[in-house]
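Numbers restart at 1 for each chain; the letters A, B, ... are given by sequence-line order, proteins then strands.
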Protein chains: 2
Amino acid sequence: MASSNVQRLARAAENSAEKSAEPADTKSRILDAAEELFMEHGFEATSLRLITTAAAVNLAAVNYHFGSKEELFQAVLTRRLDPMNRDRMQLLSSYEAAAGGKPLTCEKILAAMFIPAMKLARDHEQGGKNFLRLLGRAYADPAPFIREFLSNQYSEMIARFRTAFSNALPHVPREELSWRLHYVMGALSYTLAGADVLKVFGQYHLDEATNDELLLRRLAPFLAAGLRAPIPAEDDGYLQFQEA
Amino acid sequence: MASSNVQRLARAAENSAEKSAEPADTKSRILDAAEELFMEHGFEATSLRLITTAAAVNLAAVNYHFGSKEELFQAVLTRRLDPMNRDRMQLLSSYEAAAGGKPLTCEKILAAMFIPAMKLARDHEQGGKNFLRLLGRAYADPAPFIREFLSNQYSEMIARFRTAFSNALPHVPREELSWRLHYVMGALSYTLAGADVLKVFGQYHLDEATNDELLLRRLAPFLAAGLRAPIPAEDDGYLQFQEA
DNA sequence: GCTCATTTCAAACGATTGTTTGAAATTTGC
DNA sequence: GCAAATTTCAAACAATCGTTTGAAATGAGC
């Protein structure tokens, strides 16, 4: 029969998975394939036919289970972004409770942001790493539906950490702190998005071997020092425009 | 005749340009329209028909003048990236010459990176700002031809600044410095890429009013403090994995 | 073992994509 | 003002896109 051929393909795709733990569930298989392919080629450049072929499911399965390509993309993000941000806020709360009213250090707050991200990266062996790179790319995607989605997904967590940093850095004005948090998110997302940019710096000898703890153990001191930096005076002229 | 209709459309598009300084040159008109639309929708989501309609030129003009859509994209980038990186290196050289052998401060080196970028943003009134946002997005684009192009375009400039930072920060190990430069590029590109992420932080009152000097006068001290941060000890345990 | 709801399937839908073509229009060199 | 090269044009190219369709296959409840 014609269908047995497709079923063989499906089982072959299943067995070729890293840990042979790939679920037979169609929905999950689509999510896994979409996560990897969206990460690799971006949203627009990834066709549904590419995804459904990689997942060894029928083309129409995406529209049946998710409704549309955009909703599939949101499902890919929310599957792991939602628990991660929940973990971040829980971890921050537990740190605050342990500190007993005293403000946390910047390093501690940054740890509450980073640890859930790293836990995600190691939990699902290949999936986690892919997801963080996908997330870093979604930050820079111009598509309105992506920007809206991320904004909604992050607003609660960001507000929570903003006040934590505000307590940790009472000498930093509110507006200045907003900018610095912006820089923190930029550096973090760049680092999580993968080693692509490192090639620009000629640092290919670090790539896969460097584990995530080490990676962020470097990032946290860098960012903490920046967050604590003295506020620049109004008349600091070192950045004035001048021709060479 | 049929062609006079199209010519009227072309002149209308010319006159509707901001400063009415839009050149009649087909090639430049395509570049300007492409720059804005690529910035707005990304590379894959921007069709050639959208570009040629906005530029009021024939569809086939892109392939005639640039060869392909990919080559058009590279031309959009190189038109402004090339002079900017040349300016950066010249400015750094002039700073080094003025210092007379003594190593520069981090702030001074960062200024050599930022000032040409800001000059670009203000020179071409609307085009410059668009371009920096486009550039910030290109950094995160997964397309191989974009990554290769950027890598080639940046390698010389990055190598130049790497040794400058290395002289300015003799106590920072080479590998650590590579990572910190990575973070610097991340924060910088995020900031240049525009205020999209700021909405996440609820900082919509800054957006257009804040000029570029102010923006980067905040960023440079933040990054300089991070670059100078003490090297974390091996046994620093504050970022250890632990469950809430 | 029948029934009904859920899921999967091959096939086709209309629309849009980047690119090519060859003739018309325009500009350039003399 | 003619001839040759450059540029613009409308039209069509084959390919791919996301989505829809209605029938076949599979599952659960009784």
Gap between atoms CG and P, on A/D25 and D/dG27 respectively (whole Å): 13 Å
A/L48 CG to D/dT20 P, straight-line distance once rounded to whole Å: 11 Å
Atom pair distance, as rounded to whole Å: CD1 in B/I30 and C1' in D/dT7: 11 Å
Spacing of A/H41 atom NE2 relative to D/dT16 atom P, expressed in whole Å: 15 Å
For atom CD of B/E71 and atom P of C/dG18, their distance in whole Å: 14 Å
Length of the line joining A/L50:CG and D/dA15:C1', which is rounded to integer Å: 15 Å
Minimum-distance nucleotide (side-chain atoms of A/A60 versus C/dG18, D/dT21, D/dG18): D/dT21
Side-chain donor/acceptor of B/T53 to backbone N/O of B/R49, under 3.5 Å: yes
Atom pair distance, as rounded to whole Å: CZ in A/F66 and P in C/dT8: 11 Å
Earlier contact from the 5' end, DNA chain C, for A/L59 and A/H65: A/H65
Proximity to the side chain of A/T26 - top-ranked nucleotide from C/dT19, C/dT8, D/dT8: C/dT8
Pairwise distance CD1(B/I158) to CG(B/N85) - rounded to 0.5 angstrom: 8.0 Å
Ring centre gap for B/Y139 and B/Y154 strictly below 6.0 Å: yes
Sugar-phosphate, base or nothing in reach of A/T46, heavy atoms under 4.0 Å: sugar-phosphate
A/S47 side chain near D/dT16 phosphate (N/O to OP1/OP2, under 4.0 Å): no
d(CG, B/N63; P, D/dT6) in whole Å: 19 Å
Presence of B/N58 side-chain N/O under 4.0 Å of D/dA10 phosphate oxygens OP1/OP2: yes
Parallel, tilted or perpendicular, as decided by the 30° and 60° cut-offs, for the rings of A/F222 and B/F222: perpendicular
Donor-acceptor pair, side chain of A/T52 and main chain of A/L48, under 3.5 angstrom: yes
A/Y64 side-chain proximity, nearest of D/dT19, D/dA12, C/dT8: C/dT8
